[in-house]
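So that the names make sense, note that chain A is the first sequence line, chain B the second, and so on, each numbered from 1.
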There are 2 protein chains.
Amino acid sequence: MATEGFDAVTVARTAATAGISVGLVQHYFRTKDEMLLHAFTTARERLEQQIQDEAKRADQEGARIEEILLNALTRLMPLDERRRRECRVELAFTGRTVDNPKLAGALGRSNSHIRGTITQAVQNGKECGEVPEETDETAAAVRLLALTEGLRLHAYTEPSAIAARETIADELRRVFPGECHHRSGEQDVRRPAG
Amino acid sequence: MATEGFDAVTVARTAATAGISVGLVQHYFRTKDEMLLHAFTTARERLEQQIQDEAKRADQEGARIEEILLNALTRLMPLDERRRRECRVELAFTGRTVDNPKLAGALGRSNSHIRGTITQAVQNGKECGEVPEETDETAAAVRLLALTEGLRLHAYTEPSAIAARETIADELRRVFPGECHHRSGEQDVRRPAG
DNA sequence: GCCATAACCATACAGCCATACGGTTATGGA
DNA sequence: TCCATAACCGTATGGCTGTATGGTTATGGC
């Protein structure tokens, strides 16, 4: 999918690549759509997990929340060949959102989840002093994620024109202008909802 | 394409919808790819033109450049059914960017063009006082367009979660904090390059 | 009036795809 | 040991697609 596009992924090729038969693919997935949906949700879940893991780790090391977010969001950009491929795959899936409501739903839920993570991070920033009290953390998260995703899109077709990391860093500097007053690492970027 | 996706656009259906024969479609476009590329570039050119037209008109009425950009960028958002359809079509095309270099090139060029328009607007804002001298107009344009496109993407799958216009307005307020000192309407948002 | 060219049509075709189907082999609990 | 179930295979098939082909009708310059 990364190199030849969404349509190049046929059941037969998928089976061949996996070294199994078409029948076995059918054994696990009733339809091709089911298979693709599984692939997409799995990939997104892994992505969400990676972001949270990295955030947690950096947080325990006592890093600034601003820095944690910078790394987490930068890792989404197509900065090396591996990421470029990931972006291509996601773009291919996103395009199918148009005629596949299940994919659209999965994408929406995943984005909501990531936005929630960012919202929590900004809120934590408030509590530790990096973020001003009057900041609307939801709005800030919407802005941050939208900017990131837009940069991804543009960086993919025009890598030269976009200084992705610097642009994200700029935005984060605006959201996190303050100093943290307890840099010990007790908090978590994403706390349990309850 | 807006409702059934990219693949639903077959040569036969296109011909039928246009009320002509398959042969006639082939008479004007040697291949289906050629037809699709033409459709995409035409649509993008129209989009670019609309933005510039609106900017020019508003500018002649002596509007603030900030306001002009707000309207121009807001018109890209999926706020009504018509725009939603436009967004869906563009998303479908964008997804094909992955395996169609010509589409990718066209999209890149079009985005560059729009970014150029925005850059020029910010620069004009500098000259008239709305934008601080130290602003990097290219970076500002990259940010603005990326934010807009990201919001489009998210607003499409989760309209409720995104206050698109307000978010763009926020960003513009940051870029255009000053007052214009010659609100007479001599300038143009996009001047000829030479 | 001539005729190259453009506009236009219907159909044939070869290829590819998702899925259905009917089958065989392993596995693990009763 | 039995046997339901899971794991696994190969192939047939019907549908759809882009495109090639071979044609007819209009048009407009000379």
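- Following rounding to the nearest Å, A:Asp7 (CG) and D:dT17 (P) show an atom-to-atom distance of 12 Å.
- A sub-4.0 Å separation between OP1 or OP2 of D:dA6 and a side-chain N or O of A:Tyr28 is absent.
- Rounded to whole Å, the distance from CG on B:Asp33 to P on D:dT17 is 16 Å.
- The interatomic distance linking A:Glu34 (CD) with C:dA18 (P) rounds to 15 Å, in whole Å.
- The aromatic rings of A:His38 and A:Phe29 lie tilted to each other, with the angle between the two planes from 30° to 60°.
- Listed pair A:His27 / D:dC8 fails the phosphate criterion, with no side-chain N or O lying under 4.0 Å from OP1 or OP2.
- As rounded to whole Å, 10 Å separates atom P of C:dA18 from atom CZ of A:Phe6.
- Taking atom CZ of A:Arg30 as the reference point, atom P of D:dA6 lies 14 Å away to the nearest angstrom.
- Using a distance-only test at 3.5 Å, with no hydrogens or angles considered, a donor-acceptor pair links the side chain of A:Glu130 to the main chain of A:Ile65.
- Picking from C:dA7, C:dT19, D:dG18 the nucleotide with the shortest atom distance to the side chain of A:Val11 gives C:dT19.
- For the pair A:Gly23 and A:Ala8, nearest-nucleotide mapping onto DNA chain C gives the more 5' position to A:Ala8.
- Not a single donor-acceptor contact under 3.5 angstrom links the side-chain atoms of A:Gln26 to the base of C:dA18.
- When each of A:Leu70, A:Val122, A:Leu147 is tested with A:Leu172 by the rule side chain to side chain contact (heavy atoms under 4.5 Å, CB included), just one qualifies, namely A:Leu70.
- For A:Thr10, counting side-chain heavy atoms from C-beta on, the closest listed nucleotide (C:dA20, D:dT17, C:dC17) is C:dC17.
- A donor-acceptor pair shorter than 3.5 Å cannot be found between the side chains of B:Thr117 and B:Glu48.
- Taking only side-chain atoms of A:Ser21, from C-beta outward, the nucleotide of D:dG18, D:dC8, C:dA10 with the closest atom is D:dC8.
- The listed nucleotides are C:dT19, C:dC9, D:dG18; the one nearest the side chain of B:Lys32 is D:dG18.
- Straight-line distance from the CG atom of B:Leu24 to the P atom of C:dC9: 5 Å, rounded to whole Å.
- Distance check, rounded to the nearest 0.5 Å: CG of A:Leu153 to CD of A:Glu90 gives 11.0 Å.
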